[in-house]
Every structure is written in structure tokens, then in C-alpha cells.
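Notes follow the structure.
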Amino acid sequence: MLNIIKVGTFFSGIGSPEKALEKLKKEKFIKDYNIEFFSEIDKNAIKSYCAIHNINENLNLGDITKIKGEDLPYCDLWIGGFPCQDISCAGKMRGFDCNSLTRSSLGWEMIRLIKEVKIKPKYIIFENVASIKSKKFKNVLESFKTDLEKENYTLYDNIISATDFGVPQIRKRYFLIAILNNFKQFNFPKVLHETKNLRDYLDCNVNEKYYLTNNEYVESKNKRIFENKDDKKIIYEVDMTKFALGGRCGTDRHCKFNQSSRLFSELGNCPTLTASNTSDNAKIVVEV
Ligand SMILES: C[S@@+](CC[C@H](N)C(=O)[O-])C[C@H]1O[C@@H](n2cnc3c(N)ncnc32)[C@H](O)[C@@H]1O
């Protein structure tokens with residue numbers, strides 16, 4: 001076991017992989033880790049990253065396209081969850097190809113850095129949306145992997161879902177693990193059989209402002225019809241048989257968009273939270 005894992009991340013966001021390392025340390029799976037650098041361009045993400053991980057902003061190398069591989073300090077582990085908007089089925093699926101000039105083509109910058117860096121990292125973790133494995137991106141993904149193999153990395157990849165690891169969010173993600181010179185074997189973790197639902201995570205005392213309706217409804221067959229407490233034109237329709245099964249259990253009739261009109265039972269999982277969820281949150285039905 002390495003004493004201190006030196007880690008550098010690209011497209012660092014708020015640093016969720018770093019949070020995972022913190023948990024692994026707490027649970028004594030690893031001895032320790034040190035963030036040697038991170039790379040992020042969004043000013044709010046940078047501030048959050050530094051606050052969450054208690055590190056100085058000067059460790060941020062900024063825009064990946066401006067980084068020179070030969071300037072990078074040695075790290076055992078690189079991690080990059082490169083932008084997914086142009087790969088995701090929630091977007092237009094316009095590109096991952098290095099010539100597509102899309103945000104998702106930025107993943108190739110990590111390949112450039114691997115070629116340029118003085119001492120290559122032993123391990124690299126790439127993460128992206130599951131649709132990167134779709135027919136549309138098959139050839140580009142294959143050439144991405146071939147480039148890594150040419151640099152002496154052995155590859156392991158898989159799509160795994162957060163719901164299989166005790167998190168009640170349907171979030172399938174593609175992981176590609178690259179290990180230098182076949183230094184170590186890797187196995188993806190086994191699915192956990194412990195199941196959690198949203199109710200396990202929701203606060204017991206929630207501020208009134210977060211409730212959309214009062215506890216009054218009209219019963220119609222298996223459905224309960226609720227009015228929004230501030231605007232009676234907004235109607236929510238909840239199918240109680242589906243509520244009991246968990247998952248999607250109703251509709252916000254006011255919403256124009258299919259995805260944001262969905263209501264989810266607290267007895268199941270919530271859908272993948274997307275960036276647009278910041279203005280239009282996933283709505284969870286709770287029995288009060
Ligand atoms: C899919 S998010 C990664 C989220 C990250 N894994 C986390 O744990 O928060 C992609 C990130 O890449 C950043 N990004 C986009 N273009 C970049 C560039 N040229 N250089 C560095 N980061 C960039 C975005 O600001 C965004 O935070």
C-alpha cells in the first residue's frame with residue numbers, strides 16, 4: 001500500500017473523487033493522499049473546491065488546454081470526469097471526437113498530457129455518462145482506449161449505477177480505469193445488496209417553503225389530486241399504487257417538459273439530477 005497517494009485531477013468541479021479518497025482514508029482502505037494539483041475553469045467551482053478540500057487556489061492549474069505535460073508534478077493517480085454535455089443523451093450528442101471542438105472532446109487533452117508528462121501516473125480514472133458506450137461513440141471510444149494502450153496502460157471499463165452502491169439516485173456512469181505496465185490487477189467492486197430509498201436520506205424536519213402542497217387532496221380512483229399551495233392552477237396527480245411501489249408515481253400537470261413533470265415516490269430512487277435541476281428540481285412525493 002502506498003503511504004501517501006499523490007493525486008491530480010482534471011475537470012475537477014467540486015472534487016467528488018477527492019471526497020471519495022477522504023472516505024477511503026477514514027475507513028482505512030488507504031493510508032493517506034495528497035492533492036498535488038487540480039484543474040478547473042469555473043470560478044464558483046474553484047471556490048467550492050478549495051473550501052471543501054481545504055486547499056489553496058494556487059494548486060489550480062486552470063484551463064487544461066493551456067497545461068504543459070512536462071510542467072506537471074508527479075502523481076500516482078490522475079482522475080478526469082471530462083465534460084459530458086456533448087455525449088449525454090440529455091444533450092445533442094454532438095461529440096467526443098477530438099476534432100469536434102466540443103466540450104467533451106476536452107477528454108483528449110488528458111491523452112496529450114500523458115504523452116507529454118515526464119513520469120506517467122500509475123493509475124488513471126476517467127468517468128463519463130453511460131452513453132459514451134453507445135453505437136454513436138463506439139469508434140471514438142475505441143481510439144481513445146487504443147491511445148492509452150499505446151502508452152502502456154492496461155484498461156478496465158464498466159458502467160456502474162449509484163443505486164447498486166447504496167445511493168438512491170439512478171445514476172449510471174461509465175468508468176475507465178487505466179493501469180500502467182499492468183502494475184496491478186483491477187476488479188470492479190461487487191454490487192452491494194443493501195438497498196436504500198429516498199426516505200432514508202430525507203430530513204425529518206423540512207422547512208415549509210420546500211413543500212409544494214398542503215396535505216389536502218381530492219381522491220379519484222387510485223389517484224390523489226393536489227393543488228399547489230401558492231398557485232391553484234398548478235395540479236399534481238399522484239397514483240398511490242405506484243407510490244407504494246417506489247419510483248415514478250405521478251405528474252405535475254403544469255409542466256411542459258416530460259422529464260421535469262415527473263413526481264417520484266420517497267419509497268424509491270430519484271432520477272439522475274441534471275444541471276437543469278438547479279432551477280427545476282426533481283419533485284419527491286412524501287406521505288405526511
Ligand atoms: C462533468 S464536470 C466534472 C465534475 C467533477 N468530477 C466533480 O466531482 O465535481 C466537468 C468540469 O470540467 C470543467 N471544465 C470545462 N472545461 C474545462 C477546461 N478547459 N479546463 C479545465 N476544466 C474544465 C467544468 O467547469 C466542469 O466543472
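Because the structure is predicted, anything quoted here is derived from the model rather than measured. Remember, it's 1-based here, ligands and their atoms both numbered in the order they're listed.
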> Does a side-chain heavy-atom distance below 4.5 Å link Leu176 with Leu148?
Replying inline: yes
>> Polar contacts were defined as any N/O atom of the residue lying under 3.5 Å from an N/O atom of the ligand; does this apply to Glu127 and ligand 1?
In response: no
>> Would you call the rings of Phe144 and Trp108 parallel, tilted or perpendicular, taking 30° and 60° as the class edges?
In response: perpendicular
> Which atoms from ligand 1 have a heavy atom of Asp42 less than 4.0 Å away?
Replying inline: 25 (O)
> For ligand 1, which atoms have a heavy atom of Asp63 less than 4.0 angstrom away?
Replying inline: 18 (C), 19 (N), 20 (N)
> Quick one: which of Glu18, Glu40, Lys19 has a heavy atom closest to atom 26 (C) of ligand 1?
Replying inline: Glu40
> Among Leu59, Asn60, Ile55, which one satisfies side chain to side chain contact (heavy atoms under 4.5 Å, CB included) with Tyr49?
Replying inline: Ile55
> Under a 4.0 Å heavy-atom limit, does Thr65 contact ligand 1 with its side chain, its backbone, both, or neither?
Replying inline: neither
> Is it true that Ser39 lies under 4.0 Å from ligand 1, counting heavy atoms only?
Replying inline: yes
> Hey, mind stepping through Glu149 and Lys145 against salt bridge (charged side-chain N to carboxylate O under 4.0 Å, His left out) and telling me if it holds?
Replying inline: CA-CA 6 Å; Glu149 282 166 342; Lys145 287 162 72 177; over 6 Å; no
> Which atoms of ligand 1 have any heavy atom of Ser12 under 4.0 Å away?
Replying inline: 5 (C), 7 (C), 8 (O), 9 (O)
>> If the contact criterion is a heavy-atom separation under 4.0 Å, does Gly80 count as touching ligand 1?
In response: no
>> Tell me if the aromatic rings of Phe37 and Phe10 count as close, with their centers under 6.0 Å from one another.
In response: yes
> Under the 4.5 Å side-chain heavy-atom rule for ILVMFWY, direct or indirect, which residues accompany Tyr201?
Replying inline: none
> Is any side-chain N of the basic residue among Arg173 and Glu127 closer than 4.0 Å to the acidic one's carboxylate O?
Replying inline: yes
> Should side-chain heavy atoms under 4.5 Å link Ile, Leu, Val, Met, Phe, Trp and Tyr, which residues sit in the same cluster as Leu245?
Replying inline: none
>> So, regarding Ile64 and ligand 1 (criterion: nitrogen or oxygen to nitrogen or oxygen, under 3.5 Å), is there a contact or not?
In response: yes
>> For atom 5 (C) of ligand 1, which of the options Phe10, Phe11, Phe38 provides the nearest non-hydrogen atom?
In response: Phe11
> Which of the atoms in ligand 1, numbered in the order shown and given with their element, are less than 4.0 Å from a heavy-atom of Ser16?
Replying inline: 7 (C), 8 (O), 9 (O)
> Against heavy atoms of Pro17, which atoms of ligand 1 measure under 4.0 Å?
Replying inline: 8 (O)
>> Using a 4.0 Å cut-off to any heavy atom of Ile14, which atoms of ligand 1 qualify?
In response: 7 (C), 9 (O)
>> Ring centroids only, cut at 6.0 angstrom: are Trp78 and Tyr123 within range, meaning strictly under it?
In response: no
